[in-house]
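Sequential numbering from 1 along the given sequence is applied to the chain's residues.
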Amino acid sequence: MDVSFLGGPGPQRGVGVVAPFDFALDRELWRWTPDDVSLHVTRTPYVPVEVSLDLARVISEHETLRDAVSTLTEVTPEVVAYACTSGSFVGGVMGEHAMCEAMSRAGSVPAVTTSGALLEALVELDVRRLALVTPYTVSVTRALEEYVAQAGVTVTGCAYMSLTRQIWKVTYREVVDMARRAAARGRLGAADALFLSCTNLPTYDVIPQLEAELRIPVISANQVTMWAALRRLGTWAVGPYQALIDTSARSGTGTGTGIGTGTGIGTGTGSALPAAGPVVPTGSVLPEGQEPPDVRGVHGVSDAQGVPGAQGVSGVPDEKQQEGWT
């Protein structure tokens with residue numbers, strides 16, 4: 001069959017993606033990508049360090065990011081995205097802005113990071129109160145709480161898994177279980193949204209289910225990364241009935257406390273969510289230096305909430321459960 005009349009493939013717009021060396025969910029990023037956009041993925045160099053704050057700092061060094069972005073210049077992406085949550089929040093809000101600037105200078109195109117995209121999504125969805133699920137250790141989880149607190153967002157509940165490697169092997173069942181625990185209403189009240197952190201945590205298929213069950217927007221690291229990058233191309237991420245990318249899915253899903261009017265967070269302009277009064281740490285993870293008891297949840301993943309009735313859960317004081325202590 002002669003197909004020469006077709007004239008070749010249609011034009012493609014490009015998104016450059018810089019991912020950590022252990023990133024295993026390329027396919028998940030593609031599922032949010034429309035047909036007329038191509039992803040060009042590169043990785044940071046391997047370092048023999050487990051998932052930790054140390055690793056987050058190493059893989060987010062400006063020289064590392066500039067080198068990675070430089071490898072993408074030949075394919076001329078229109079935007080570059082750093083697809084790593086911990087690597088982009090480890091330096092705080094100002095550190096995230098500096099990373100965007102370093103990448104943008106290296107590629108001469110707009111740049112976004114996962115954590116910057118998170119703050120941008122919180123503005124889009126009018127979120128002031130956020131529940132968190134992370135696969136991280138307590139120290140990395142605490143750093144994420146501090147990052148969103150800098151942006152004036154209160155963490156109402158938090159569940160984490162204490163994983164230091166092979167996060168991509170976490171099952172959807174485990175993600176859903178942790179999400180329910182983190183979103184449970186406690187002393188700090190109900191959350192406006194739930195964030196599933198880490199670009200190596202599988203989330204694509206659970207988002208619609210969790211939004212229908214929890215009745216709040218559910219956003220994930222890979223979702224916000226692609227949503228923010230594609231917005232800079234003037235297009236939208238694709239996906240089944242998700243509040244962030246489908247405005248018709250937002251009605252009645254959250255409490256909507258109305259934060260700001262769109263400040264351009266994540267655009268590299270140095271803006272952050274407008275604070276409503278002083279930022280107070282929420283205390284939803286253990287104090288510095290204190291590790292949680294050996295609490296086990298589904299399939300041996302370290303359980304974060306200590307919810308009564310969970311498999312193998314030992315007693316955790318009620319006040320800690322209500323505060324989202326992990």
Modelled atom types, side-chain donor and acceptor of Ser88 and Glu96, under 3.5 Å: no
Pairs satisfying ring pair (Phe, Tyr, Trp, His ring centres under 6.0 Å), at least one member in residues 116-138, at least two apart: none
Any pair counted as salt bridge (charged side-chain N to carboxylate O under 4.0 Å, His left out), so long as it reaches residues 46-58, sequence neighbours left out: Asp54-Arg57
Is there a donor in the side chain of Thr203 and an acceptor in the side chain of Ser220, or the other way round, less than 3.5 Å apart? yes
Just so I know, are the side chains of Val112 and Tyr82 near enough to count as touching, which here means a heavy-atom distance under 4.5 Å? no
Straight-line distance of Thr85 OG1 to Tyr147 OH, nearest 0.5 Å: 10.0 Å
Results of salt bridge (charged side-chain N to carboxylate O under 4.0 Å, His left out) for Arg13 - residues two or more places apart only: Glu78
May I ask you to say whether Glu124 pairs ionically with Arg250, meaning some side-chain N is under 4.0 Å from a carboxylate O? yes
Under a 3.5 Å threshold, yes or no: a donor from one side chain and an acceptor from the other, between Gln242 and Gln223? yes
Under the ring pair (Phe, Tyr, Trp, His ring centres under 6.0 Å) definition, can you give me all pairs with a residue in residues 169-206, not counting sequence neighbours? Trp32-Tyr204
Tell me every residue that passes side-chain hydrogen bond (donor to acceptor under 3.5 Å, both in side chains) with Glu63, counting only those two or more places apart in sequence or in another chain. none
Output for pair (Leu25 CG, Ile167 CD1), nearest 0.5 Å, gives 10.0 Å
At what distance, to the nearest 0.5 angstrom, does NE2 of His40 lie from OG1 of Thr73? 11.5 Å
Hey, what do you get for CZ (Arg142) to OH (Tyr160), rounding to the nearest 0.5 Å? 8.5 Å
Looking at residues at least two apart in the chain, or sitting in another chain, which of them share a salt bridge (charged side-chain N to carboxylate O under 4.0 Å, His left out) with Asp246? none
Contact between Ile219 and Val127 at the side-chain level, heavy atoms closer than 4.5 Å - yes or no? no
Could you note down all residue pairs passing ring pair (Phe, Tyr, Trp, His ring centres under 6.0 Å) where residues 42-72 supplies at least one of them, sequence neighbours left out? Phe21-Tyr46
Are side-chain N/O atoms of Glu174 and Thr171 paired as donor and acceptor at under 3.5 Å? yes
Output yes when Arg181 and Asp177 qualify as a salt bridge under the 4.0 Å nitrogen-oxygen rule, no when they do not. yes
By salt bridge (charged side-chain N to carboxylate O under 4.0 Å, His left out), Asp36 pairs with (sequence neighbours left out) none
With distance as the sole test, does Thr64 use its side chain to make a donor-acceptor pair with the main-chain N or O of Ile59 at under 3.5 Å? no
Going by the rule side-chain hydrogen bond (donor to acceptor under 3.5 Å, both in side chains), which residues pair with Asp67 if we only count those two or more places apart in sequence or in a different chain? none
Residues forming a side-chain hydrogen bond (donor to acceptor under 3.5 Å, both in side chains) with Thr137, sequence neighbours excluded: Ser139
Interatomic distance, Asp22 atom CG to Arg165 atom CZ [nearest 0.5 angstrom]: 10.5 Å
Asn200 meets the side-chain hydrogen bond (donor to acceptor under 3.5 Å, both in side chains) criterion, sequence neighbours left out, with none
Contacts of type salt bridge (charged side-chain N to carboxylate O under 4.0 Å, His left out), residue Glu61, not counting sequence neighbours: none
